[in-house]
There are 2 protein chains.
Amino acid sequence: MKLLLIEDEPMLLDEMEAYLIEQGYRCEKATTFAAGEDKIVLYDYDVIILDISLPGGNGLQLLQLLKKQQKEAGVLIVSAKDSLPDKLTGLNLGADDYMTKPFHLEELNARVNALVRRKSFKGNSQIQVDDLTIDPVAKTVSCNETFIPLTKKEFELLLYFIVNKNRVVSKQSIAEHLWGDHYDIVDNFDTVYVHTMNLRKKIVAHTGIDYIKTVYGMGYKFTSA
Amino acid sequence: MKLLLIEDEPMLLDEMEAYLIEQGYRCEKATTFAAGEDKIVLYDYDVIILDISLPGGNGLQLLQLLKKQQKEAGVLIVSAKDSLPDKLTGLNLGADDYMTKPFHLEELNARVNALVRRKSFKGNSQIQVDDLTIDPVAKTVSCNETFIPLTKKEFELLLYFIVNKNRVVSKQSIAEHLWGDHYDIVDNFDTVYVHTMNLRKKIVAHTGIDYIKTVYGMGYKFTSA
DNA sequence: GACGATTTTAAAGAAAATTTAAATTTTTGT
DNA sequence: ACAAAAATTTAAATTTTCTTTAAAATCGTC
């Protein structure tokens, strides 16, 4: 599950991120209107947590933009004051929930969970890629009824590959997504290599297909029809 | 089967409704004491899910009203905290089951199912999982006529596993479900380990089957065909 | 308040996953 | 075809997570 946090107070943003990562979510951050705009246009998220007052513009405009782009992310609006007009405008523009600052991180988590759950009602929670069935909630991967046992890191890696299906992902970005933003670039990518290869072998052993192609000098690409 | 949901949090109410409709129930909703009162007096339901804290009054009063009206609906009480006095008062007033927030929709469904079954078969409120028979109301578990003596925590844990059958549940979510929202993340999961192992051993001793598999690094999974 | 039962804490040992490291193979540019 | 860079493969070292056991603390009941 990938979240986007748009919030201009750096302290609060970091706290939110830390807590949500603990809960098993993957998070990206934006602190300005412009940065939020970029991320919304370029990428897809499951849930977007959106502060209304932002440097450079109003969060509600971002919400409009999102809806115009037909993006399916659930939106949780956060605002400093419990202003009824704002609230109504937000919900009318298609936000899914509304929250007033200050709030407890537990409440944030509960609301994000609720959004994720609600989203997964429509459309099955399982991801189907050719022969493979991935269930992010059950944390299982299966191929024709038989389960492929994966370790935690392997599962996260597979999910990242599938989210970026048919796109080349660099080892750097894999490292950042699996080990966090602060992964040292100077570090070697040995563990990325090893995990990727282990995952690859398990999938080949079960499906007979090597979905993960290496793109020499660039990274890897998970391919499917 | 017609249900009445009396609950003042709109988000939660909508989620409950969506889920129960998915499960084949017809639902009506009330968000205030007054609205609940009207519905209870005017119509008949098979099961009423009743939040205790309501704007405009206490849910237990509604329960009294219901009983005074000689209505036959099964009543499942929902309350924010696991307050024993509330619980006892509720059950003494004729409620059939009691549930503490937060809960999983699957558990809600399981309990409603149990209530419905008990209503229609008079005294059969059991969940069957392979060899195991779980009675959420009587708080008993049996395997081929013989009871498996479980402690309270073990029983709650088993119910949580069964509600999430064939899905991995993290130790974090177990902790939150058994000890409440404010379970400290920094805390260790020693007691989760111990209770899980004890439950496991008891079930294996009685059934010969280890339903609970450990999913290394992720949590546990209760498996059944 | 004392007793038995349950729950929690703690700590050592086992099991599994992750990381590191090094040797080997493959790919690419010249 | 060769050298350099990048990727694969293996296995060992390390770390994390889980299991087990037992003692301490808490809870409920009489």
Side-chain angles (χ1 to χ4, degrees), chain A residues 22 24 139 141 148-158 160-161 168-180 182-205 210-222, chain B residues 82-85 87-88 139-141 147-158 160-161 168-180 182-205 210-222:
Chain A
E22 284 263 350
K139 310 244 190 232
V141 180
I148 306 176
L150 298 184
T151 70
K152 197 173 151 195
K153 275 263 141 62
E154 286 162 3
F155 185 81
E156 286 173 14
L157 183 58
L158 175 59
Y160 186 60
F161 275 131
V168 176
V169 290
S170 69
K171 286 180 294 301
Q172 180 63 43
S173 70
I174 291 174
E176 277 170 10
H177 269 258
L178 265 72
W179 287 273
H182 306 300
Y183 197 89
D184 197 347
I185 300 165
V186 185
D187 268 18
N188 55 27
F189 294 116
D190 286 351
T191 89
V192 176
Y193 284 131
V194 172
H195 284 299
T196 306
M197 290 305 133
N198 289 341
L199 173 62
R200 228 168 145 167
K201 261 185 264 177
K202 283 191 187 176
I203 294 179
V204 172
D210 195 356
Y211 288 96
I212 300 164
K213 311 286 181 212
T214 99
V215 184
Y216 199 93
M218 308 251 172
Y220 296 95
K221 181 158 87 169
F222 188 98
Chain B
D82 194 7
S83 141
L84 192 62
K87 195 166 184 165
L88 290 178
K139 311 258 185 217
T140 56
V141 180
F147 285 97
I148 305 175
L150 296 184
T151 69
K152 194 174 142 209
K153 275 265 139 61
E154 285 162 4
F155 185 83
E156 285 175 21
L157 184 57
L158 175 60
Y160 188 59
F161 275 132
V168 174
V169 290
S170 69
K171 286 180 294 304
Q172 180 64 44
S173 70
I174 292 173
E176 277 170 10
H177 194 263
L178 264 72
W179 288 274
H182 303 300
Y183 198 89
D184 196 347
I185 298 160
V186 185
D187 267 20
N188 52 29
F189 294 115
D190 286 351
T191 89
V192 176
Y193 284 132
V194 173
H195 284 299
T196 306
M197 289 304 134
N198 289 340
L199 172 62
R200 228 168 146 167
K201 262 185 264 175
K202 283 191 187 177
I203 294 178
V204 171
D210 195 355
Y211 287 96
I212 299 165
K213 311 284 182 215
T214 101
V215 184
Y216 205 96
M218 304 206 193
Y220 296 95
K221 181 158 87 169
F222 187 98

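Just so it is clear, the model here is predicted, and its values are computed rather than measured. Every chain is numbered from 1 and lettered A, B, ... according to where its sequence line falls, protein lines coming before strand lines.
- Listed nucleotides: D/dA7, D/dT19, C/dT8. Nearest to the side chain of A/Lys171: D/dA7.
- Where B/Gly217 and A/Tyr216 each meet DNA chain C at their nearest nucleotide, the meeting point lying more 5' is that of B/Gly217.
- Distance, B/Asp190 CG to D/dA23 C1': 14 Å, rounded to whole Å.
- Under a 3.5 Å cut-off, the side chain of A/Ser173 and the backbone N or O of A/Val169 do not form any donor-acceptor pair.
- Side-chain contact check for B/Asn198 versus B/Glu154: some heavy-atom pair is nearer than 4.5 Å.
- Applying the 4.0 Å criterion to OP1 and OP2 of D/dT19, one finds that B/Thr214 has a side-chain N or O inside that range.
- Rounded to an integer number of Å, the gap from CD1 of A/Ile174 to P of D/dA7 is 11 Å.
- With the end axes of the helix from C/dG1-D/dC30 to C/dA12-D/dT19 each set by five pairs, the angle from one to the other reads 20° at 10° resolution.
- The residue among A/Asn198 and B/Gly219 whose nearest nucleotide of DNA chain D is located toward the 5' end is A/Asn198.
- Across the protein-nucleic acid pair, A/Met197 atom CE and D/dA11 atom P stand 17 Å apart, rounded to whole Å.
- In terms of phosphate contacts, A/Trp179 brings no side-chain nitrogen or oxygen within less than 4.0 Å of OP1 or OP2 of C/dT18.
- Judged purely by atom type and a 3.5 angstrom limit, B/Lys202 uses its side chain to pair as donor or acceptor with the backbone of B/Pro149.
- Rounding to whole angstrom units, NE2 of residue B/His195 and C1' of C/dT9 are separated by 11 Å.
- OP1 or OP2 of C/dT7 lies within a sub-4.0 Å distance of a side-chain N or O belonging to B/Thr151.
- Rounded to a whole Å, the CG atom of A/Leu157 is 15 Å from the P atom of C/dA17.
- Residues A/Lys201 and B/Val215 each lie close to DNA chain D; by heavy-atom proximity, the contact nearer the 5' end of the strand is made by A/Lys201.
- Contact annotation: A/Tyr220 side-chain N/O to D/dT8 OP1/OP2 distance is under 4.0 Å.
- Summarising the geometry, the separation between CD on A/Glu154 and P on C/dA16 is reported as 15 Å, rounded to the nearest angstrom.
- Note: CG (B/Leu199) to P (D/dC18) measures 17 Å, nearest angstrom.
- The main-chain N or O of B/Asp210 is never found under 3.5 Å from a side-chain atom of B/Arg200 such that the two would form a donor-acceptor pair.
- The distance from atom CG of A/Asp210 to atom C1' of D/dA7 is 13 Å, rounded to the nearest whole Å.
- Using a 4.5 Å heavy-atom threshold, the side chains of B/Thr140 and B/Phe155 count as separate.
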Decide side chain to side chain contact (heavy atoms under 4.5 Å, CB included) for A/Trp179 and A/Lys153; before the verdict, give the C-alpha distance in whole Å, the side-chain angles of both, and the deciding distance to 0.1 Å. CA-CA 10 Å; A/Trp179 287 273; A/Lys153 275 263 141 62; 3.6 Å; yes
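- No hydrogens or angles considered: nothing links the side chains of A/Tyr220 and A/Ser170 as a donor-acceptor pair under 3.5 Å.
- Between the CG atom in A/Leu157 and the CD1 atom in A/Ile174 there is a gap of 5.5 Å [rounded to 0.5 Å].
- Side-chain N/O atoms of A/Lys152 include none lying less than 4.0 angstrom from OP1 or OP2 on C/dA16.
- Remark: the B/Tyr193 side chain and the D/dT19 base include no donor-acceptor N/O pair separated by less than 3.5 Å.
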